[in-house]
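Let me begin by presenting the structure, written as structure tokens, before commenting on it.
Remember, it's 1-based here, ligands and their atoms both numbered in the order they're listed.
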Amino acid sequence: MVFPEYRPRRMRRTETFRAMIRETRLAPEQMIYPLFVLPGKGVREEVSSMPGVFRLSVDQLAREAKECLSLGVRSVILFGLPEKKDGLGSGAYANNGIVQRAIRELKNKAPEMTVVTDVCLCEYTDHGHCGCLAGNEVDNDATLELLARTALSHAQAGADMVAPSDMMDGRVSEIRTALDENSYHMVPIMSYAVKYASAFYGPFRDAAECAPQFGDRRSYQMDPANSREALREATLDVDEGADILMVKPALAYLDIISRLRDEFDLPVAAYQVSGEYAMIKAAAEKGWIDGERVMAESLIAIRRAGADLILTYFAKDMARLLANGQ
Ligand SMILES: [Zn+2]
């Protein structure tokens with residue numbers, strides 16, 4: 001059927017037609033909102049490169065969680081800024097560490113909120129790398145035990161799901177084993193299976209104060225030029241027991257999200273990272289783009305590419321827009 005018999009514009013003529021045949025939708029419960037937790041009391045500090053995103057002390061979390069819940073956003077992912085850092089990132093797996101306290105606070109004050117935790121060492125190490133060091137290199141196998149301890153301590157504090165983001169080889173199975181041996185076999189693992197060494201993380205490193213003190217993360221995070229390698233990484237994580245596969249960043253890696261969607265039957269998550277958020281916010285502030293529409297378009301594009309869920313700093317803004325009937 002060709003023109004003039006077939007006219008695609010017929011079904012675009014009204015909003016009802018457009019809504020009727022819309023192929024992709026986004027709902028608030030498909031978004032996970034990242035929270036940065038820092039020491040102190042009554043602290044609510046805006047991240048300068050991420051307008052609208054705040055670093056919060058533990059006592060401020062319940063209010064934030066309740067706002068999310070009122071908008072239909074039912075999950076948060078926690079990142080912690082510890083009081084002090086050391087070579088082994090011991091704040092990451094301390095029983096009374098910043099994230100462990102945050103989990104308990106949220107489970108107490110907002111029990112309906114699903115609490116996911118980022119599992120990594122970079123916010124807790126004085127050198128800023130995602131594992132412990134042997135010389136100037138990150139020691140993969142020695143790091144695994146520390147990551148497993150971190151994940152276990154999150155589960156013990158009440159985390160609903162753990163999300164390792166370090167890109168060490170073998171960490172999913174190490175974490176699965178540690179959780180299972182301690183009766184946390186029902187705590188799922190959302191693996192940052194395909195995490196690229198990306199410049200889009202810039203603003204996050206301000207927010208979480210975790211820029212590496214020397215070198216960069218290219219010896220463990222993936223080369224942005226590689227796509228087949230993403231499938232190998234994801235295959236390993238599936239075999240090791242991951243429950244959800246994540247791609248990070250999102251918008252510059254839609255092809256990777258799409259490949260994972262085609263190749264695997266596990267849920268696929270995508271992380272719309274700080275740089276993606278900051279670029280949209282900054283251009284909108286300058287009046288160069290319509291920030292709301294670009295936000296909505298980028299999120300639906302990530303869903304269309306195949307992501308079931310999206311970690312995004314826009315979760316609350318987008319949920320508000322959805323509630324207003326967009
Ligand atoms: Zn890290």
Checklist entry - Has K281 got its NZ or CZ under 6.0 Å from the middle of the six-membered ring of Y313, at an angle within 45 degrees of the ring axis? => result no
Checklist entry - Do R304 and E23 meet the salt-bridge criterion of a basic N to acidic O distance under 4.0 Å? => result no
Next on the checklist: Evaluate S298 against Q272 for side-chain hydrogen bond (donor to acceptor under 3.5 Å, both in side chains), listing each step before the verdict.
Outcome noted: CA-CA 9 Å; S298 62; Q272 183 184 50; 3.1 Å; yes
Checklist entry - What orientation do Y192 and Y271 show, parallel under 30°, tilted 30 to 60°, or perpendicular over 60°? => result tilted
Checklist entry - Does F36 have R55 sitting over its ring (NZ/CZ under 6.0 Å from centre, angle to axis within 45°)? => result no
Checklist entry - Listing residue and atom name, which protein N/O/S atoms are closer to the Zn ion (ligand 1) than 2.8 Å? => result C120 SG, C122 SG, C130 SG
Checklist entry - Is K109 salt-bridged to E105, going by a charged N under 4.0 Å from an acidic O? => result yes
